[in-house]
Amino acid sequence: MVNVTDGYGSSILGYPRIGPHRELKRALEAYWRGAIPREALLAVGRDIQERQFNELAATGLTQVPGNTFSFYDHVLDNALLFGAVPKRFQSYRDELDPLDLYFLMARGRPDLPPLELVRFFGTNYHYRQPELAADTAFSLHPDALLDEFDRANARGIELRPVVLGPLSLLLLSKAGQVPGEDQFDTLQLLDKLLPVYEELFEILAKRGSTCVQLDEPAFTSERTPAELAAFEAAYHRLSKAPLRPRMLVTGQYGDFGEALRILAGTNVEAIGLDLASYRIRPEELAEIPGIRRKRLYAGVISGRNVWRADRYVTLEYLNQLAQVCPDLVVSTGTTLLHVPYDTLIEYDILGNVADRLAFAKQKVGEVVSLAKALTDGPSESWRKRPTEVHFKQKHAVRQRVYAVTPEMRSREPYEVRREAQQARLNLPPVPATTLGSFPQTTKIRQARHDLGQGRLSYDDYRKRIEAEIEATIRLQEDIGLDVLVHGEHERNDMIQYFAELLDGFATTRFGWVQVYGSRCVRPPIIYGDVSRPEPMSVEWLSYAQSLTEKPVKGMVTGPVTMIARSFVRQDQPLHETADQVALAIRDELADLEKAGIAIIQVDEPAIREMLPLRPEGRAEYLRWAVGAFRLATSGVKPDTQIHTHIGYSGRAEVVEAIEELDADVTAIVATRSIEWVLTALKGDSATGHGLSHGVGPGVYESRSARIPDIDELDELLTAAAEAITPERLWANPDGGLKTRHYWQLEPSLRNLVAAARRVRRRALESE
């Protein structure tokens, strides 16, 4: 251990990995389309790694993390580090290069679905979920980890390798998808996995590594007694390994809870806490037996927001923590994967907002500065407090929120609305539709860029978008869809598009954050009171509806998802910000309705994603989240049909919340997990919870290149129709189709329409 008299340490738990200018994204997509060879892609990865560890070492951090780079997803990387190749991919081991096998698992192909894409602990990041079988045999494959370690070591930089902890690796995985194989608890594989971790520890120790970081984010969620017992047994064993580096075990994304007490009682040398998400009181920490003997990585700098920390308040808190844990390292609460690289390259954000922003580079600076101040006291530069943000406030917006009544969050009873909507729409049983976006051509993306650069007039831009909308409408009519969409060709992103048109939001030019693989977004920043200066989508949807007799759905992002996928102001409760956004969306829906749009989809995938990881606070969160959605959608007439789109979840409280949203139709991401949707449709006889309105259980995976056949779709829709009447069932994919090619999209939708018509025909024949 480092003596405290040598000064307090500084570190971070991870760093962005797409490259400051999205170099990895461009290289990946070039490799996937065959434009560059494998060695060129590998060279880009090595360059990003080396620039990163050289840059971090130069900042003054006393410890630099390693093995945080990934060509697609770090959870998948860790599964392959320990040899966990799913059975359905093992036959390709001899046929493919390891990198291509990796991409096959991540991306799939038309005849082979990829690993499931799952959101990561309430962040906007998605991981590919490893698949394990009861007879999975683990083996160590550390070449990439050791290669980076050696390259850094040659430059005099010792990296602290970052590895997903064994419990989280198993808990984040799912039982494999091999037909006929019984389901099992993945923790049954723990005893087979731990020796491989011990093997890795021995190799690292012999290589000269003095510390290894094991991330256990699964234990900031609610865990069963059996899972906690397995955690305790595993770390008692690993901490007694005969030859190993020091161990740092981190609990990122929330309250480490009972896992903290367990680790304090083992021989693990260091524990990392996400104190930016859950600020434990020093006196509470002091009550944990054994904690004073541990090195504490105090994660006081948030890895999930972009606001600078109040350094005076944070330094005071660190001084209190140091009285409990003298061996203290100032750190980030999570990896910095979830924030952009650098604020200094953003040149058009309002000054008083920009002065308070901290992206990854600035957060590293905050960590180093706090560690120095903790050691030597505040420097001269600390005498001047950073510029405070004067959050933009609008009296009219605040007055409108305060004037919201319960009646503004409710509509007429569902049965009344259903009858009025059927009279207006005259839709057949099992209507077929999509969930919004269609592929965006290179020409459209270029037109949007040229408009922003002033090289294209708005009239010319509008003509190009209208031509694309018309082509999309004609294609859908030819396919035979019952409810059409305009394709969202004018939108860069479901969040950013609306953020650019709402007051109170700031958007970045280069603030890219990885979502998964090569997919990146620029999350907006909510810095002030939110309002809608003018209609945002009416122009495009009115044009689309003028082209066809079939109904065209309006597409709007919901209030909870808007705040979940933005960096949100911290000077007021989330529910107040959500209601401000909801009122802006309410105005948009009113204008869409006036323009003759009969169906409006208000997407809320984040309703489930923002659910607190622990039971405490879930009921309150769902109360205001549901309330914000209903505030946004309850201003329309009974014959206007409200749809929503959410992610799947088998939690009873989420099923209940879906029902309470009171949307007329709910589309659910459920292709890989449709069983819970079917159960929810039928309802729980014990609790009475179920889904009683229209439901569209997504029956093919929109993010996969695979084209589902008619029989497969028929089987899924038939199972859903047996759970509810066909009149309440919708046929749709599980998400938007923006990332697909038309050669994949068109046959998939034709098969969907054919399957829906089969189910419809059987339903009508049985009457």
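The shown structure was predicted, so the numbers you read here are calculated from the model rather than taken from an experiment. In this chain, numbering begins with 1 at the start of the sequence shown.
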Q: Could you verify whether a donor N or O on one side chain and an acceptor N or O on the other, from Thr577 and Gln572, lie under 3.5 Å apart?
A: yes
Q | Electrostatic pair Arg565:Glu609 at N-O distance under 4.0 angstrom | A | yes
Q. Counting N and O atoms only, with roles assigned by atom type, does the side chain of Arg522 sit under 3.5 Å from a partner on the main chain of Thr508, one being a donor and the other an acceptor?
A. yes
**Q.** side-chain hydrogen bond (donor to acceptor under 3.5 Å, both in side chains) partners of Asp77, counting only residues at least two apart
**A.** Ser70, Tyr102
Q: Sequence neighbours left out, what passes ring-ring contact (aromatic ring centres under 6.0 Å, His included) with Phe256? Give chain and number order.
A: none
Q) Does Asn153 have any side-chain hydrogen bond (donor to acceptor under 3.5 Å, both in side chains) partners at least two apart in sequence or in another chain, and if so, which? A) none
Q. Hey, is Arg623 close enough to Glu620 for a salt bridge, meaning N to O under 4.0 Å?
A. yes
Q. For His338, what residues pass the ring-ring contact (aromatic ring centres under 6.0 Å, His included) criterion, not counting sequence neighbours?
A. Tyr253
Q) Charged N to carboxylate O below 4.0 Å: is that the case for Lys361 and Glu366? A) no
Q: Please check if any side-chain donor atom of Asn67 sits under 3.5 Å from a side-chain acceptor atom of Glu148, or the reverse.
A: no
Q.
Is it the case that the side chain of Thr266 and the backbone of Val268 share a donor-acceptor pair, with hydrogens and angles ignored and the cut-off at 3.5 Å?
A. yes
Q. What residues, two or more places apart in sequence or in another chain, satisfy salt bridge (charged side-chain N to carboxylate O under 4.0 Å, His left out) together with Asp376?
A. none
**Q.** Pairs where residues 283-302 contributes a residue and the test ring-ring contact (aromatic ring centres under 6.0 Å, His included) is met, not counting sequence neighbours
**A.** none
Q. Does Leu167 reach the side chain of Tyr235, with side-chain heavy atoms less than 4.5 Å apart?
A. yes
Q. Testing Tyr15, Tyr127, Tyr516, Phe120 for ring pair (Phe, Tyr, Trp, His ring centres under 6.0 Å) with His74, which one passes?
A. Phe120
Q: State whether Lys394 and Asp529 are salt-bridged, where the test is any N-O pair (Lys NZ or Arg NE/NH1/NH2 against Asp/Glu carboxylate O) under 4.0 Å.
A: no
Q) Is it true that a side-chain atom of Glu346 and a backbone atom of Thr343 form a donor plus acceptor pair closer than 3.5 Å? A) no
Q: With sequence neighbours left out, write down each residue that passes salt bridge (charged side-chain N to carboxylate O under 4.0 Å, His left out) with Arg304, or none if nothing qualifies.
A: none
Q | Test item: Ser10 side-chain N/O and Val330 main-chain N/O as donor-acceptor pair under 3.5 Å | A | no
Q. Can you list the residues that meet the ring-ring contact (aromatic ring centres under 6.0 Å, His included) rule with Phe149, with sequence neighbours excluded?
A. none
Q: Taking the six-membered ring for Trp and the full ring for Phe, Tyr or His, determine whether the centres of Tyr341 and Phe359 are under 6.0 Å apart.
A: no
Q.
Strictly below 4.0 Å, N to O, side chains only: are Arg509 and Asp348 in salt-bridge contact?
A. yes
Q. When rounded to the nearest 0.5 angstrom, what distance separates CG in Leu296 from CG in Asp327?
A. 9.0 Å
Ignoring hydrogens and angles, write down the donor-acceptor pairs under 3.5 Å from the side chains of residues 282-292, residues two or more places apart or on other chains.
| from | atom 1 | to | atom 2 | distance (Å) |
| --- | --- | --- | --- | --- |
| Glu283 | OE2 | Arg281 | NH1 | 3.0 |
| Arg292 | NH1 | Gln323 | O | 3.3 |
| Arg292 | NH1 | Val324 | O | 3.4 |

(Q) Using the rule given for side chain to side chain contact (heavy atoms under 4.5 Å, CB included), can you reason through Val521 versus Ile495, listing the C-alpha separation, both sets of side-chain angles and the distance that settles it, and then say yes or no? (A) CA-CA 9 Å; Val521 297; Ile495 308 298; over 6 Å; no
Q: Could you tell me whether the side chain of Glu269 and the main chain of Met247 form a donor-acceptor pair under 3.5 Å?
A: yes
Q: Check whether the ring centres of Phe231 and His236 lie less than 6.0 Å apart, and answer yes or no.
A: no
Q: Answer yes or no: is there an ion pair linking Glu50 with Arg155, defined by an N-O contact shorter than 4.0 Å?
A: yes
Please list every donor-acceptor pair under 3.5 Å in which a side-chain atom of residues 195-205 meets a protein atom from a residue at least two apart or in another chain.
| from | atom 1 | to | atom 2 | distance (Å) |
| --- | --- | --- | --- | --- |
| Tyr197 | OH | Leu164 | O | 2.5 |
| Glu198 | OE1 | Arg237 | NH2 | 3.2 |
| Glu198 | OE2 | Arg237 | NE | 3.1 |
| Glu202 | OE2 | Lys206 | NZ | 2.9 |

Q) Is there a side-chain contact between Pro524 and Ser566, using heavy atoms and a 4.5 Å cut-off? A) yes
Q. Are Arg356 and Trp307 in a cation-pi setup, meaning NZ or CZ lies under 6.0 angstrom from the ring centre and within 45 degrees of the ring axis?
A. no
(Q) Strictly distance-based, threshold 3.5 Å: is any side-chain N or O of Thr332 a donor or acceptor partner for the main-chain N or O of Thr335? (A) no
Q: Just jot down the side-chain hydrogen bond (donor to acceptor under 3.5 Å, both in side chains) partners of Gln320, sequence neighbours excluded, or say none.
A: none
(Q) Checking Thr59 against Val367 for the side chain to side chain contact (heavy atoms under 4.5 Å, CB included) test, could you report, in this order, the C-alpha distance in whole Å, the side-chain angles of both residues, the deciding distance, and whether it holds? (A) CA-CA 10 Å; Thr59 64; Val367 166; over 6 Å; no
Q.
Applying salt bridge (charged side-chain N to carboxylate O under 4.0 Å, His left out) to Glu232 and Arg261, what does each step give before you reach the verdict?
A. CA-CA 10 Å; Glu232 183 170 16; Arg261 294 182 176 274; over 6 Å; no
Q.
So, using side-chain hydrogen bond (donor to acceptor under 3.5 Å, both in side chains) as the criterion, who are the partners of Arg51 when residues are at least two apart?
A. Glu23, Asp47
Q.
Any salt bridge linking Asp274 with Arg279? Criterion: basic side-chain nitrogen under 4.0 Å from a carboxylate oxygen.
A. no
